[in-house]
Amino acid sequence: MKEVCVITGGGSGMGFETAKIMGKTHFVIISGRTVSKLENAIKELKEQGIECQACACDVSNSQSVENLAKMASEIGQIQALIHAAGMSPHMGSSQNLIKTNALGTVLVNKAFSKYMTQGGCIIDLSSMSAYMVPDFLIPKKVYKKSLNSSGEDFVRAFVKKVNIFPKKIRRGVAYSLSKNFVIWYAKKTALELGDKGIRVLSVTPGTFETPMGKLEGGEALSYTKKAAIKRAGRPEEIAFLLASIADKRNSYLTATDIICDGGVVACQEK
């Protein structure tokens, strides 16, 4: 049976570069909100001799995520899921950021873990902004609602927490907290799925030369001035990391977050 790698947000940037590497050993499925936006990516992958397919998926919609997971399972054994889909603060309201980044991670992890077995690996992408949030602002009680409440209750509680802040900074707060949640939830999922032989972890990118990175502009690049490596990352650099983590030979690596930011987070530490 073919081993399958599913990459949400795989049509460009980090996800697309990862598809090029994973496609050497896996059947690759890339997803995005619309298939039409994935056509060029699929064409390029096929020109490289990669077996692949595109699928529309809204990660904030449970049925859409379930459809993607089921379709992937019918092609072969899902060995790797790289959840790279997400929204930046410039892409939507605070509520949409929470639904896509936080709820989306819950829905994706739950749906795909049902079809994965021994040797499977789930990688959720976070952001270095997750580490910029002071500990006293992290709403752990809200996070825990993702474990035993409906998606609507979880999002409602999360939005309520964000709405405490002034309106002009809510999107930034929603983004940082939603990405902080990704790290927290990946660890919880890893503990839950360890007995099935499924590894789960998160990767925290810094500023990268991607379409989403360009939306952040000079604000994101300003963080690199004091970092160990004073430039933005290249998508192929983090793609190599993601593919390496997904490799079965990394069978003892789980329940952690790996920061790939050129040293930005480290330079923020007091």
Side-chain angles (χ1 to χ4, degrees), residues 9 12-18 21 82-92 94 97-98 100-102 105 123-140 142-143 161-162 164-166 168-188 190 200-246 250 253-270:
S12 63
M14 302 173 191
F16 179 57
E17 291 299 324
T18 306
I21 301 175
I82 298 168
H83 178 38
M87 293 178 67
S88 77
H90 297 280
M91 295 172 68
S94 57
L97 284 162
I98 291 164
T100 300
N101 297 344
T105 300
I123 306 172
D124 297 315
L125 264 68
S126 179
S127 163
M128 66 182 183
S129 67
Y131 285 90
M132 310 298 181
V133 184
D135 288 345
F136 71 90
L137 290 180
I138 297 173
K140 288 290 179 67
V142 172
Y143 290 3
K161 189 70 177 180
V162 169
I164 294 172
F165 294 87
K168 64 180 181 180
I169 66 168
R170 284 178 191 169
R171 287 190 298 176
V173 171
Y175 180 73
S176 296
L177 288 179
S178 66
K179 289 300 188 178
N180 184 277
F181 169 81
V182 169
I183 296 171
W184 180 89
Y185 189 75
K187 291 176 182 178
K188 291 295 182 184
V200 187
L201 61 162
S202 56
V203 167
T204 290
T207 301
F208 277 80
E209 297 169 352
T210 63
M212 189 178 291
K214 288 177 182 177
L215 285 174
E216 301 305 310
E219 181 183 352
L221 285 171
S222 66
Y223 284 109
T224 67
K225 291 179 180 178
K226 294 181 180 179
I229 301 174
K230 296 173 177 58
R231 63 168 173 82
R234 297 184 292 272
E236 60 268 23
E237 292 175 310
I238 198 164
F240 177 73
L241 172 63
L242 295 169
S244 299
I245 292 169
N250 261 321
L253 182 64
T254 193
T256 192
D257 181 61
I258 298 174
I259 304 173
C260 183
D261 68 346
V264 173
V265 170
C267 83
Q268 305 298 313
E269 296 175 356
K270 304 298 184 182

Distance from Met87 atom CE to Ser94 atom OG, nearest 0.5 Å?
-> 10.0 Å
CE/Met91 to CG/Leu97 distance, rounded to the nearest 0.5 angstrom?
-> 8.5 Å
Give, for atom OG of Ser176 and atom CZ of Arg171, the distance between the pair rounded to the nearest 0.5 Å.
-> 13.0 Å
If you look at every heavy atom in Leu177 and Leu137, which pair is closest and at what distance?
-> CD2-O, 4.0 Å
Leu125 versus Ser202: any side-chain heavy-atom pair under 4.5 Å?
-> no
Nearest 0.5 Å, what's the CG-SG distance between Leu241 and Cys260?
-> 5.5 Å
Nearest 0.5 Å, what's the CD-CZ distance between Glu17 and Phe240?
-> 14.0 Å
Criterion side chain to side chain contact (heavy atoms under 4.5 Å, CB included) on Ile245 and Ile258, from CA distance to verdict = CA-CA 10 Å; Ile245 292 169; Ile258 298 174; 3.7 Å; yes
Would you check if the side chain of Glu237 reaches a backbone N or O of Arg234 as a donor-acceptor pair within less than 3.5 Å?
-> yes
Using the ring of each side chain (for Trp, its six-membered ring), is Phe181 parallel, tilted or perpendicular to Tyr143, with breaks at 30° and 60°?
-> perpendicular
CD1 of Ile82 to CG of Leu242, rounded to nearest 0.5 Å, is 5.5 Å
Distance-only donor-acceptor check, side chains Asp261 and Tyr131, under 3.5 Å | no
Tyr175 backbone acceptor or donor facing Ser178 side chain under 3.5 Å = yes
Can you see which heavy atom on Pro235 is nearest to which on Glu209, and at what distance?
-> CG-O, 3.3 Å
Closest non-hydrogen atom pair between Ala255 and Leu201, with its separation | N-CB, 4.2 Å
Sub-3.5 Å donor-acceptor pair from the side chain of Thr254 to the main-chain atoms of Val200, do we have one?
-> yes
Closest heavy-atom pair, Met14 versus Thr18, reported as atoms and distance to 0.1 Å, is O-OG1, 2.7 Å
Is there a donor-acceptor pair under 3.5 Å between the side chain of Lys230 and the backbone N or O of Ala227?
-> yes
Test log, rule side chain to side chain contact (heavy atoms under 4.5 Å, CB included), inputs Val162 and Ile164 | CA-CA 5 Å; Val162 169; Ile164 294 172; over 6 Å; no
Taking it one step at a time, do Phe16 and Glu236 satisfy side chain to side chain contact (heavy atoms under 4.5 Å, CB included)?
-> CA-CA 9 Å; Phe16 179 57; Glu236 60 268 23; over 6 Å; no
Counting only N and O atoms by type, is there a donor-acceptor contact under 3.5 Å from the side chain of Lys179 to the main-chain atoms of Ala174?
-> no
Heavy-atom closest pair (Val203 atom, Ile238 atom, distance to 0.1 Å) is CG1-CD1, 4.0 Å
So, for Gly9 and Ala85, which heavy atoms are closest and what is the spacing to 0.1 Å?
-> N-CB, 3.7 Å
In terms of side-chain heavy atoms, does Thr105 have a donor or acceptor partner in Asp124 at a distance below 3.5 Å?
-> no
